[in-house]
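For the numbers below, each heavy atom of this structure counts, side chains included, while hydrogens, waters and symmetry mates do not. One-based numbering, in listed order, for ligands and for the atoms of each.
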Amino acid sequence: MTDLSEKTKGFIFNLDGVIVDTAKYHYIAWRRLADEMGVDFPIEQHEQLRSLSRMESLEKILEWGGLYMTEAEKLHWADVKNNWYQALVANMTPDEVFPGVLSFLDEVRRSGGKTALSSASRNARTVLKSTHLEPYFDVILDGSAARKSKPHPECFLLAATALNMAPSECIVFDDAVLGVQAALNGGFHIIGIGKAEYLPDAERVIPGFADCHLADILDLVYKGASLTMADAE
Ligand code: GL1
């Protein structure tokens, strides 16, 4: 079993697009809303919404469409989108957890590490419940925990505090530019999830957790290993 280095004991994960494929459901719901408003919203543009809160996402779509809404209208439409999203995730199953995630989380904890989930989504707990992921985390923080949005590091700092660790003792896993910036701003190690070209500031980028072992991640962070997984396109 991997001997966890003295330096790293905390592992902090974003949810949507990192642990489960919920980013696609957010896109479907936002796209439906954009269609209702006559705003063009191709899937590539969804990259820019990753990590934003519900209200910030709505405001971006309004900005793209050159539309104005009162605060009451915004609350109404944010709610409408949320109802659509909740209907989509209501029937999620453990099969929708990304490959390799469970075994990686298991390995971390068997090696004495602690795990935290830190998501900007207020639906994080519902998703964790329906995919049976709750027991894999020592700490769970959803979108109601932090007051400041990424790239402010508050969401990760709260997770580190709850784990009783310093940021430098934790590795953050995030799939979004804002998430990477938030981790760096907080003094965390950061592994990007996805394509390296989208996450140029991440210390390292891996495509996901399939065939990923704890030793690989520690090598990437501390030894600058050049594994093929780090060269995710
Ligand atoms: C909110 C946004 C989503 C996404 C998540 C963070 O989720 O609506 O588009 O950016 O934050 O991953 P929710 O509406 O579930 O709070």
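- Of the protein's heavy atoms, Trp30 NE1, 2.7 Å lies nearest to atom 9 (O) of ligand 1.
- Of all protein heavy atoms, the one closest to atom 16 (O) of ligand 1 is Arg122 N, 2.7 Å.
- Using a 30° and 60° split on the angle between ring planes, Phe104 and Phe173 fall in the perpendicular class, above 60°.
- Looking only at protein heavy atoms, the nearest one to atom 13 (P) of ligand 1 is Ser121 OG, 3.5 Å.
- Salt bridge status for Arg110 with Glu107: absent, with no side-chain N to carboxylate O gap under 4.0 Å.
- Side-chain contact between Ile28 and Tyr85 is absent, with no heavy atoms from C-beta onward closer than 4.5 Å.
- Contact check on Arg50 versus Asp174 returns no salt bridge, with no Lys/Arg side-chain nitrogen under 4.0 Å from an Asp/Glu carboxylate oxygen.
- In this structure, atom 7 (O) of ligand 1 lies nearest to the protein heavy atom His26 CE1, 3.4 Å.
- Ligand 1 places these atoms under 4.0 Å from at least one heavy atom of Leu49: 10 (O).
- Annotation for ligand 1: atoms under 4.0 Å from non-hydrogen atoms of Arg54 are 1 (C), 2 (C), 8 (O), 13 (P), 14 (O), 16 (O).
- When each atom of ligand 1 is checked for a heavy atom of Ala120 under 4.0 Å away, the hits are 6 (C), 11 (O), 16 (O).
- Looking at Leu15 against ligand 1, nothing comes within 4.0 Å, counting heavy atoms.
- Here Arg50 has no heavy atoms under 4.0 Å from ligand 1, in either its backbone or its side chain.
- The shortest N or O to N or O distance between Asn123 and ligand 1 is below 3.5 Å.
- Of the N and O atoms on the side chains of Gln86 and Thr126, not one donor lies less than 3.5 Å from an acceptor on the other residue.
- With a heavy-atom cut-off of 4.0 Å, Asp16 touches ligand 1 through its side chain alone.
- A salt bridge does not link Arg147 to Glu154: none of the charged nitrogens lies less than 4.0 Å from a carboxylate oxygen.
- Taking the six-membered ring for Trp and thresholds of 30 and 60 degrees, Trp77 and Trp84 have ring planes inclined between 30 and 60 degrees apart.
- Taking 4.5 Å as the limit, every side-chain heavy atom of Lys114 sits out of range of all side-chain heavy atoms of Val139.
- Protein heavy atom at the shortest distance from atom 8 (O) of ligand 1 is Lys81 NZ, 3.2 Å.
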(message) Please evaluate residues Val97 and Tyr136 with respect to the criterion side-chain contact (heavy atoms from CB on, under 4.5 Å), reporting the C-alpha separation (whole Å), side-chain torsions for both, the decisive distance (0.1 Å), and the verdict.
(response) CA-CA 12 Å; Val97 177; Tyr136 288 85; over 6 Å; no
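- One option in Val89, Leu52, Leu178 has a heavy atom closer to atom 11 (O) of ligand 1 than any other, and that option is Leu52.
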